[in-house]
K.L.:
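This is the structure, below, for whatever I ask next.
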Amino acid sequence: MTHPRTSPATPDADPESHPPTEGHPPTDAHSPTDTHPPTDTHLPTEGHPPTESPLLAERQADDKPLALTPPAELRAHLAARLHSAARAWLHRALDEAAANPGTHGPISVWELRIAEAGRRCGPDHADAARVLILHAARADTDALSRVYFQGTGAERRAVLQALPHLVPGPQALPLVEDALRTNDTRLLAAAVGPYAARHLDSHQWRHAVLKCLFTGVHVETVAELDRRAHRDTELARMLGDYAAERTAAGRPVPEDLYRVLTLTDPTATPPAPAAQCGTRGTDGKES
């Protein structure tokens with residue numbers, strides 16, 4: 001985590017944006033190559049035989065956001081998927097974090113482990129490993145802020161996903177607000193999780209929804225969308241204005257916009273998609 005506070009995280013700067021083959025974390029000079037066959041990554045936790053297809057269970061688990069997965073469940077799922085070397089590294093990292101919470105010296109040992117997680121566990125599992133390390137370290141708002149602002153895009157994403165597990169109040173909202181100012185779609189998706197749904201005020205939350213529409217982040221990633229959008233007339237007005245602007249410019253209106261607009265008034269009929277609307281000529285008349 002060497003990026004300065006003023007350096008924004010971008011997708012191009014994320015070293016984990018191009019994951020290797022599933023189940024095969026990268027190796028380096030400091031990480032021995034695991035000799036276990038690929039099938040080892042799909043074994044259930046010892047003592048818990050599977051009740052369904054392991055591959056199906058993995059897909060179902062992957063669909064559950066990290067921010068909504070209890071740490072104990074997340075640890076069991078991750079341990080079942082990692083190769084033996086990565087699994088052993090994770091257990092050591094979590095034990096270190098639990099034994100040395102908070103800050104000890106210029107940088108905590110668990111912060112170093114967060115920086116290592118990508119190459120130790122592989123990019124497909126790094127987010128989950130980082131969330132677990134932050135939880136084991138009982139990171140407070142100050143520690144989370146330090147990791148976020150000094151970290152890579154992937155490390156910032158993990159901090160946002162860990163917030164619901166670690167911060168009960170709104171103290172960490174500045175991290176969410178910072179992420180919402182970026183155009184990194186993966187960071188935005190992490191920012192609109194359950195912590196934002198719980199603590200963002202109405203004005204900020206509405207603009208977060210519009211930011212998702214503008215950048216192409218699917219609104220299904222917005223936590224508690226149905227509840228917060230329900231009968232929100234101001235959000236409906238903002239969505240209508242945004243749709244009108246895009247239509248006037250001859251640009252398509254995101255399909256997600258109609259879904260959110262319907263949520264603002266469940267009895268309303270959503271407007272026709274832009275493709276079905278006439279275009280206006282220079283005289284202002286529809287053609």
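Because only heavy atoms are used, hydrogens play no part in the values below, and waters and symmetry mates are left out as well, while side chains stay in.
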K.L.:
Strictly below 4.0 Å, N to O, side chains only: are Asp142 and Arg146 in salt-bridge contact?
P.N.:
no

K.L.:
Side-chain contact, heavy-atom cut-off 4.5 Å: Pro164 with Leu68?
P.N.:
no

K.L.:
So which heavy atom on Arg156 is nearest to which on Leu187, and how close?
P.N.:
CB-CD1, 3.8 Å

K.L.:
Give, for atom CG of Leu173 and atom CG of Leu163, the distance between the pair rounded to the nearest 0.5 Å.
P.N.:
9.0 Å

K.L.:
Please answer whether the main-chain N or O of Thr152 pairs with a side-chain N or O of Glu155 as donor and acceptor at a distance below 3.5 Å.
P.N.:
yes

K.L.:
Please report the closest heavy-atom contact between Ala162 and Leu134, naming both atoms and the distance.
P.N.:
CB-CD1, 3.8 Å

K.L.:
I need the Leu166 CG to Asp140 CG distance, nearest 0.5 Å.
P.N.:
9.5 Å

K.L.:
Distance check, rounded to the nearest 0.5 Å: Gln161 atom CD versus Asp127 atom CG?
P.N.:
4.5 Å

K.L.:
Is there a donor-acceptor pair closer than 3.5 Å between any side-chain N or O of Asp178 and the backbone N or O of Pro174?
P.N.:
no

K.L.:
Apply the test side chain to side chain contact (heavy atoms under 4.5 Å, CB included) to residues His203 and Glu234: give CA-CA distance (whole Å), side-chain angles for both, the deciding distance (0.1 Å), then the verdict.
P.N.:
CA-CA 9 Å; His203 177 76; Glu234 176 60 18; over 6 Å; no

K.L.:
Heavy-atom distance under 4.5 Å between the side chains of Leu235 and Leu263, does that happen here?
P.N.:
no

K.L.:
For Thr215 and Leu188, which heavy atoms make the closest approach, and how far apart are they?
P.N.:
OG1-CD1, 3.5 Å

K.L.:
Between the side chain of Arg87 and the main-chain N/O of Ala79, is any donor-acceptor distance below 3.5 Å?
P.N.:
yes

K.L.:
Taking atom CG of Leu213 and atom CZ of Arg246, what is their separation to the nearest 0.5 Å?
P.N.:
9.0 Å

K.L.:
Could you tell me whether the side chain of Trp205 reaches within less than 4.5 Å of the side chain of Leu225, counting heavy atoms only?
P.N.:
yes

K.L.:
Provide the closest heavy-atom pair for Ala128 versus Leu66 in the form atom of the first, atom of the second, distance.
P.N.:
N-CD1, 3.7 Å

K.L.:
Any donor and acceptor pair, going by atom type alone, linking the side chain of Arg228 with main-chain N or O of Ala197 inside 3.5 Å?
P.N.:
yes

K.L.:
For Arg259 and Glu220, run salt bridge (Lys or Arg N to Asp or Glu O under 4.0 Å): C-alpha distance rounded to whole Å, both residues' side-chain angles, the deciding distance at 0.1 Å, then the answer.
P.N.:
CA-CA 10 Å; Arg259 177 188 170 190; Glu220 66 185 16; 5.0 Å; no

K.L.:
Examine distances only and state if a side-chain atom of Asp232 and a backbone atom of Thr264 form a donor-acceptor pair shorter than 3.5 Å.
P.N.:
no

K.L.:
Would you say that Asp201 contacts Gln204 through its side chain, given a criterion of any heavy-atom pair below 4.5 Å between the two side chains?
P.N.:
yes

K.L.:
With side chain to side chain contact (heavy atoms under 4.5 Å, CB included) as the test, would you mind laying out the steps for Ser108 and Asn100 before giving the verdict?
P.N.:
CA-CA 8 Å; Ser108 303; Asn100 300 283; over 6 Å; no

K.L.:
Do side-chain atoms of His199 reach the backbone of Pro168 as a donor and acceptor pair under 3.5 angstrom?
P.N.:
yes

K.L.:
Within this structure, what is the CG-CD distance for the pair Leu112 and Glu96, rounded to the nearest 0.5 Å?
P.N.:
9.0 Å

K.L.:
Do any N or O atoms from the side chain of Lys211 and from the backbone of Val217 form a donor-acceptor pair under 3.5 angstrom?
P.N.:
no

K.L.:
What distance separates Arg237 CZ from Leu239 CG, expressed to the nearest 0.5 Å?
P.N.:
10.0 Å

K.L.:
Answer yes or no: is there a side-chain heavy-atom contact under 4.5 Å between Tyr242 and Met238?
P.N.:
no

K.L.:
Report yes if some heavy atom in the side chain of His218 is under 4.5 Å from a heavy atom in the side chain of Cys212; otherwise report no.
P.N.:
no

K.L.:
Do Tyr195 side-chain atoms and Gly169 backbone N/O form a donor-acceptor pair below 3.5 Å?
P.N.:
yes

K.L.:
Check whether the side chains of His135 and Arg130 place a donor and an acceptor atom closer than 3.5 Å, and report yes or no.
P.N.:
no

K.L.:
Can you see which heavy atom on Trp110 is nearest to which on Val147, and at what distance?
P.N.:
CZ3-CG2, 3.9 Å

K.L.:
Write down the atom of Ala179, the atom of Leu160, and the distance for their closest heavy-atom approach.
P.N.:
CB-CD1, 3.7 Å

K.L.:
Kindly indicate, with the supporting measurements, whether the criterion side chain to side chain contact (heavy atoms under 4.5 Å, CB included) is fulfilled by Val219 and Val192.
P.N.:
CA-CA 9 Å; Val219 295; Val192 292; over 6 Å; no

K.L.:
Could you go step by step and tell me if Arg75 and His91 meet the side-chain hydrogen bond (donor to acceptor under 3.5 Å, both in side chains) rule?
P.N.:
CA-CA 9 Å; Arg75 180 171 183 172; His91 290 331; 3.2 Å; yes

K.L.:
Side chain to side chain contact (heavy atoms under 4.5 Å, CB included) for Val109 and Arg113? Distances and angles first, verdict last.
P.N.:
CA-CA 7 Å; Val109 63; Arg113 301 298 172 254; 3.7 Å; yes

